[in-house]
Amino acid sequence: MYLQFRDDVEAALVSALDELDLPTDDLGIEDPPEGVDAVLASSAAFRLAGEVGAPPPEVAGDIADEIDASEHELIDAASAQGPYVNFLPSDAYYEATVEEGQRADFGHLEPTGEEVVVEHTSANPTGPVHVGRARNPIVGDAVARVLAFAGHDVDRHYYVNDAGRQMAVFTWAYETFDEEDLPDPERDKADYDLVRYYRKGNEFLEAGDPDEVEEAEAEIQAIMQGLEEGDEETYERVQTVVDTVLGGMRESLDRLPAEFDEFVKETRFLRDGSADEVVSRLKELDEAVFEEEAWQLELDEFGIDKNFVFLRSDGTTLYTTRDIAHHEWKFDNYDRAITVIGEDHQLTFEQLRYALELLGHDTDQLEQVFYSWVNLPGGEGMSTREGTGIDLDDLLDEAIDRAREEVETRMDDRIRDDDLTDEDVERIAEQVGIGAVRYDIVSKQPSKAITFEWDRALDFEAQSAPYVQYVHARCCGILEEAGIDPTTSDTAVAGGFDASLLETEAERDLVEAIGRFPAVIETAAADLEPHLVATYTREFAETFNAFYRECPVLADDVDEDLRDARLALVAASKHAVGNALQVLGVAAPRSM
RNA sequence: GGGCGUGUGGCCUAGUGGACAGGGCAGGAGGUUCCUAACCUUCUGAUCGCGGGUUCGAAUCCCGUCACGCCCGCCA
């Protein structure tokens, strides 16, 4: 209803400004600060003051006077407060917002029909997913979810780098070394098992006997050539390693959960000839040069001094060359292509973008979300090859263990009288533990660097997942107590409710917070910023807790009609906070 | 050296032109016979890295400068 209210405010402002013979290109509609009794405000008077020749407060007064609130169902009044014009919502607005919030799919926007592919994670299948990379599936999954909520048709892709030198090294190492020469795996899991060969192989290439290294390099080179030429046997050898390692990695990612509609393999674009075809088209470009035996693209017209090599002197393609073919395929099948990718790939992505542009594509449909690396305290990085860093599995295990301890401690001094079964404890530990990890990562702007610290990542107090999850559990608890099953989509209060009874400030604030949710989805999706949803959940939780403190729902001295209105408000709150958590990929527990 | 990004109380963080810079952690003081205290109330604590500029108005835009991170490979 907030979105409709905004439309009303816009229409009211436009007609008022028209009436006053003032320009309508800058309405200055914004959210008023906390404590101001309005849902929207306009700061247009600041800019119009010069034109009118009167101070802003006077202009604001004129605009407010010109607005007839009765023409707009959702607006109760427009009043000047200093230089601002504040818009107060009508009873119909509160009524409609609570009504809207009764729907289980509250917050979903109208279908747009736009087909969007979100590529994320795409970590090379070299070994266990570590925390340095964990930002990618968590942010990527949230980006995909918020776009889906905003009405787009979203596919999630994991691009599998199965054609590069790394996989050739891995395949060679896997076939060369004996298991008995390797350390025990850290976990009984395919990715932990095979990464030992990869590490051993890299160690050997760096410090091994020069003659033997040369021999190995020849074998690695042969594997790369075989892949490039589409040799079936080489392909099968590499795929054995790729699929095995990837299988292990997927198990870890599923725990978050980060799920994918498709795993798109790089070799696909070698095997179907599209990478070759890209190469021949690139060669035809005016910007293409053949220097030092390799084909390159000059990109100085785009401000990039460095030439982009797209074909090696040995005739094999490079990662970015294959990625061009990959993106042409995306453009054929989707309206927009979004990639969530580490900031270290920024230059590569520029090259990709400009190469696609030179090939005649509209690169406006290409968008990226870059994220900074997660470092260890002391500035140390995380590396699969060197085996430094924290594995995602270890982080999640630790998170669940700490959450379980927390649940057990709290059970001892609970005032509630229900009993949690062992299954409940385990469920809560998983929901809270994993939720805390996801929330900690998704709530921060991706561009900011993160230093990983156990205690900070696994803090279960305010401004964390459990703080928000607890609000959801409180809503469910109240509904359940009132005989409404919170797990069904139909939480509507039997016999209806009268929203006009919700008169206190705490109730009004809560209705307004509920109303904002669809607008938060709209902005977060448009800007590809899921952390806005996390900020919203935190603010929402604070607002709900104020309501919870001041407005009893089920107490004996609460009038029946008021009780029903408050129950409807709780149901709407449950949907707002529950669906917001869903967008973040954080579980919404019904009790904790 | 060049390019990109980041810099907000002791620590973490929101806020990219508009109403007193909003939270959390840590620290001080309180609150539970009442729908779950993973909660709430309250106090302490900020020259928004620094210096200029644009503007009626700047954490936000521009210029300069410093610090940190990432990139500058016929790796991915």
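Per chain, numbering begins at 1; letters A, B, ... match sequence-line order. Computed from a prediction, not measured in an experiment: that's the story for all the values here.
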With sequence neighbours excluded, residues passing salt bridge (Lys or Arg N to Asp or Glu O under 4.0 Å) with A:Glu426 |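 By the salt bridge (Lys or Arg N to Asp or Glu O under 4.0 Å) rule, A:Glu426 matches A:Arg404.
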Set of residues satisfying salt bridge (Lys or Arg N to Asp or Glu O under 4.0 Å) with respect to A:Arg563, sequence neighbours excluded |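 Salt bridge (Lys or Arg N to Asp or Glu O under 4.0 Å) check on A:Arg563 returns nothing, list empty.
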Going by the salt bridge (charged side-chain N to carboxylate O under 4.0 Å, His left out) test, which pairs reach into [range], not counting sequence neighbours?
range	value
residues 128-138 of chain A	none
residues 436-449 of chain A	A:Asp141-A:Arg438, A:Asp440-A:Lys444
residues 296-320 of chain A	none
residues 457-482 of chain A	none

Atom OG1 in A:Thr348, atom OH in A:Tyr319: separation rounded to 0.5 Å?
->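 Going from OG1 on A:Thr348 over to OH on A:Tyr319, the span is 8.0 Å.
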Letter per nucleotide, 5' to 3', of nucleotides 62-67 of chain B [B base touched, S only sugar-phosphate touched, - untouched; heavy atoms, 4.0 Å] = ------
Show me, pair by pair, the donor-acceptor contacts under 3.5 angstrom made by side chains of residues 52-61 of chain A, not counting sequence neighbours?
none

Whichever of A:Ala546 and A:Ser43 has its nearest RNA chain B nucleotide further upstream toward 5' =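 The 5'-side residue here is A:Ser43.
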N/O donor-acceptor pairs under 3.5 Å from side chains in residues 290-297 of chain A, not counting sequence neighbours:
from	atom 1	to	atom 2	distance (Å)
A:Gln296	OE1	A:Asn307	ND2	3.0
A:Gln296	NE2	A:Glu291	O	3.4

Quick one: is B:A76 close enough that its OP1 or OP2 comes under 4.0 Å of any side-chain N or O from A:Asn161?
->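 So the side-chain polar atoms of A:Asn161 never come under 4.0 Å of the phosphate oxygens OP1 or OP2 of B:A76.
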With the side chain of [X] defined as its heavy atoms from C-beta on, choose the nearest nucleotide among [options].
X	options	result
A:Phe46	B:C56, B:A38, B:A19	B:C56
A:Pro33	B:A19, B:C35, B:C74	B:A19
A:His531	B:C74, B:A14, B:A38	B:A14
A:Glu30	B:C39, B:C74, B:A19	B:A19
A:His345	B:C35, B:C40, B:A76	B:A76
A:Ile428	B:A37, B:A38, B:C74	B:A38

Which of residues 120-137 of chain A have a heavy atom under 4.0 Å from RNA chain B?
->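 Listed by number, they are A:Asn124.
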Atom [atom1] of [X] and atom [atom2] of [N]: how far apart are they, to the nearest Å?
X	N	atom1	atom2	result
A:Glu34	B:G22	CD	P	9 Å
A:Leu347	B:G73	CG	P	9 Å
A:Gln469	B:C39	CD	P	12 Å

Test: A:Arg199 and A:Glu203 ion pair at under 4.0 Å =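 No, A:Arg199 and A:Glu203 are not salt-bridged.
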Under 3.5 Å between N/O atoms: give me all the protein pairs with nucleotides 3-13 of chain B, atom names plus distance.
from	atom 1	to	atom 2	distance (Å)
B:C4	O2'	A:Gln346	OE1	2.5
B:G7	OP1	A:Lys448	NZ	2.9

Distance between the C1' atoms of B:G45 and B:G2, in whole angstroms?
->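 41 Å, rounded to whole Å.
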May I have the list of side-chain donor-acceptor pairs in residues 160-173 of chain A shorter than 3.5 Å, sequence neighbours left out?
from	atom 1	to	atom 2	distance (Å)
A:Asn161	ND2	A:Asn124	OD1	2.2
A:Asp162	OD1	A:Glu266	N	3.2
A:Asp162	OD1	A:Thr267	N	2.9
A:Asp162	OD1	A:Thr267	OG1	3.4
A:Asp162	OD2	A:Gln239	NE2	2.9
A:Asp162	OD2	A:Thr267	OG1	2.5
A:Arg165	NH1	A:Glu217	OE1	3.1
A:Arg165	NH2	A:Glu217	OE2	3.2
A:Gln166	OE1	A:Tyr198	OH	3.0
A:Thr171	OG1	A:Met167	O	2.8
A:Trp172	NE1	A:Thr176	OG1	3.2

Per the atom types in the model, does the base of B:A19 pair as donor or acceptor with the side chain of A:Asn86 at under 3.5 Å?
->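 Between B:A19 and A:Asn86, which were checked side chain against base, a qualifying N/O pair under 3.5 Å is present.
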